[in-house]
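Written out below as structure tokens is the structure these notes cover.
Proteins come first, then strands; the chains are lettered A, B, ... in the order of their sequence lines, and each starts at number 1.
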Number of protein chains: 2
Amino acid sequence: MTRPSELTRERIVKAAERLFAERGYDGTSIRAIVAKARVNQAAINYHFNGKDGLYREVLLGAFRSLTEHQLARAAETHEMPRELALAAFIHRQLRPLLARDEASRHIRIFNWETVRPTAVFRRLLTEQSAPFMGMATDLVRRFLPEADHRTLVVAAIWLIGQCSVFVRNREQLASAPVLLALDESSVEWLAETLTGWTIGGLRPRG
Amino acid sequence: MTRPSELTRERIVKAAERLFAERGYDGTSIRAIVAKARVNQAAINYHFNGKDGLYREVLLGAFRSLTEHQLARAAETHEMPRELALAAFIHRQLRPLLARDEASRHIRIFNWETVRPTAVFRRLLTEQSAPFMGMATDLVRRFLPEADHRTLVVAAIWLIGQCSVFVRNREQLASAPVLLALDESSVEWLAETLTGWTIGGLRPRG
DNA sequence: TGACAATTCAAACGATAGTTTGAAAAATAG
DNA sequence: CTATTTTTCAAACTATCGTTTGAATTGTCA
């Protein structure tokens with residue numbers, strides 16, 4: 001077996017990830033991808049069996065990267081007091097607000113999927129979302145020790161949603177009329193504010 | 001001036017709204033629209049000056065309908081105790097979970113826009129989102145009477161985000177592995193649960 | 001009714017989409 | 001070096017896209 005084509009594959013995946021994140025699956029043409037990657041047009045079919053196969057590759061990478069960012073800290077989070085663990089979780093979820101990096105692109109790809117889920121994505125989700133959801137569920141369980149399963153799941157989604165609304169809409173929120181500041185200290189303050197509200201919400205009350 | 005074409009316009013807008021909601025702007029072809037509306041292909045250019053013009057029409061209608069859905073109740077909400085007002089707001093925001101109706105389609109069209117905002121939408125947002133955001137801000141202000149402007153805006157977004165994460169991802173959440181039930185009583189319970197957590201979060205604590 | 005504007009229609013336009021082709025080039029194995 | 005496989009390449013293929021065209025039809029007003 002001979003494999004001198006790894007470079008070409010990597011260039012294609014890298015270019016495709018950027019374009020899929022920016023324009024979505026339908027909005028990205030393979031001609032745009034090969035132009036950015038500076039490879040021949042037929043290379044995508046040769047290496048990935050078409051546009052679908054390439055998209056699957058990109059989606060897998062995005063999913064791994066996004067969940068691993070949290071899951072890598074799952075163990076140490078579990079050792080912290082629940083309030084600190086929650087703060088750390090929220091802080092990490094808000095991280096794409098600051099970084100115009102790979103993570104932002106991955107979030108963007110997922111945003112496309114929430115409006116028009118592809119078959120590839122659906123399968124990926126049912127196969128691989130369990131660890132991440134489990135981490136969020138474990139976290140809220142420490143605040144709601146007697147809640148039933150449904151309540152815990154909803155609380156986990158609630159927690160994730162509080163963060164994702166800012167991440168997802170960061171471009172709109174940063175411009176008029178909201179003009180939300182997104183520098184490091186502002187995001188820090190945002191994370192702390194959200195943490196406070198979340199703890200208050202999950203705290204038992206009479 | 002002669003105007004026997006209102007029927008054609010309405011059929012086109014109605015068909016386009018459904019298709020744009022389901023597939024987004026790029027994913028909807030004018031051939032699909034005219035097939036669904038059962039009008040001639042050139043009718044879209046004749047009546048709306050092209051696909052862009054038609055989309056603008058649909059977007060305007062969606063925006064009006066959605067904001068009016070909440071804003072129509074703004075006055076009466078203001079007369080209610082703050083806890084009940086918040087519950088009513090959340091309940092209305094979660095409504096698309098139940099109804100496969102016009103409002104649900106309009107929310108879906110907006111979901112497309114958060115991924116790839118069109119110029120039309122950006123303008124619409126800066127022009128007309130103020131009343132809606134103002135309503136949400138007024139609502140949270142009743143819980144945070146001494147908060148500064150930034151905190152109030154973030155709280156309003158936080159409130160909206162808590163609801164939208166369920167609406168936006170309803171299809172994924174309803175299927176495995178989450179299997180969130182979306183019948184009437186379940187949504188009722190969800191609204192009450194979210195209301196409780198939100199009140200708890202915004203309530204002052206020592 | 002006749003003249004004219006508004007509306008509908010089938011057909012075609014140019015552009016771009018994803019994919020396929022078959023040969024040239026490069027890399028590997030014997 | 002030779003034989004063989006892997007990889008690249010330019011070009012073409014088929015399908016669909018949004019839009020335009022110009023004639024036919026319909027509706028309105030004088």
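- The CG atom of Leu190(B) sits 11.0 Å away from atom OG of Ser185(B), with the distance rounded to the nearest 0.5 Å.
- What separates OH of Tyr46(A) from P of dG22(C) is a distance of 17 Å, to the nearest Å.
- Taking only side-chain atoms of Asn45(A), from C-beta outward, the nucleotide of dT6(D), dT19(D), dT20(C) with the closest atom is dT20(C).
- Between Arg38(B) and Gln41(A), the residue anchored closer to the 5' end of DNA chain C is Arg38(B), taking for each the nucleotide with the nearest heavy atom.
- We find that Asp101(B) and Arg95(B) are joined by a salt bridge, their nearest charged nitrogen and carboxylate oxygen being less than 4.0 Å apart.
- Of all nucleotides listed (dT20(D), dT19(D), dA10(D)), dA10(D) comes nearest to the side chain of Asn40(A).
- Residues passing the salt bridge (Lys or Arg N to Asp or Glu O under 4.0 Å) test with Arg168(A): none are found, sequence neighbours excluded.
- Asp52(A) has its CG atom 10 Å from the P atom of dG18(C), to the nearest Å.
- We find that Arg105(B) and Glu22(B) are not joined by a salt bridge, their nearest charged nitrogen and carboxylate oxygen being 4.0 Å or further apart.
- The CZ atom of Phe48(B) sits 16 Å away from the C1' atom of dT19(D) (whole-angstrom rounding).
- For Phe110(A) and Phe63(A), the ring centers are positioned less than 6.0 Å apart.
- Rounded to an integer number of Å, the gap from CG of Leu7(A) to C1' of dA26(C) is 14 Å.
- Among pairs with a residue in residues 174-188 of chain A, none fulfils salt bridge (charged side-chain N to carboxylate O under 4.0 Å, His left out), at least two apart in sequence or across chains.
- Nucleotide dT19(D) holds its C1' atom 14 Å from the CD1 atom of Ile12(B), rounded to whole Å.
- Using a 4.0 Å heavy-atom criterion, one finds that Ala43(A) contacts no nucleic acid atom at all.
- One atom, CD of Glu6(A), and another, C1' of dT6(D), lie 13 Å apart when rounded to the nearest Å.
- Residue His47(B) has its side chain nearest to dT7(C) when only dT7(C), dA12(C), dT6(D) are considered.
- Looking at residues 16-36 of chain A, you'll see Thr28(A), Ser29(A), Ile30(A), Arg31(A) sit with a heavy atom under 4.0 Å from some atom of DNA chain C.
- Between Ile44(A) atom CD1 and dC9(D) atom P the separation is 13 Å, expressed in whole Å.
- At least one side-chain heavy atom of Leu59(A) sits under 4.5 Å from a side-chain heavy atom of Tyr55(A).
- Taking atom CZ on Arg11(B) and atom C1' on dT7(C), their separation rounds to 14 Å, with Å as the unit.
- In terms of phosphate contacts, Thr8(B) brings a side-chain nitrogen or oxygen within less than 4.0 Å of OP1 or OP2 of dT8(C).
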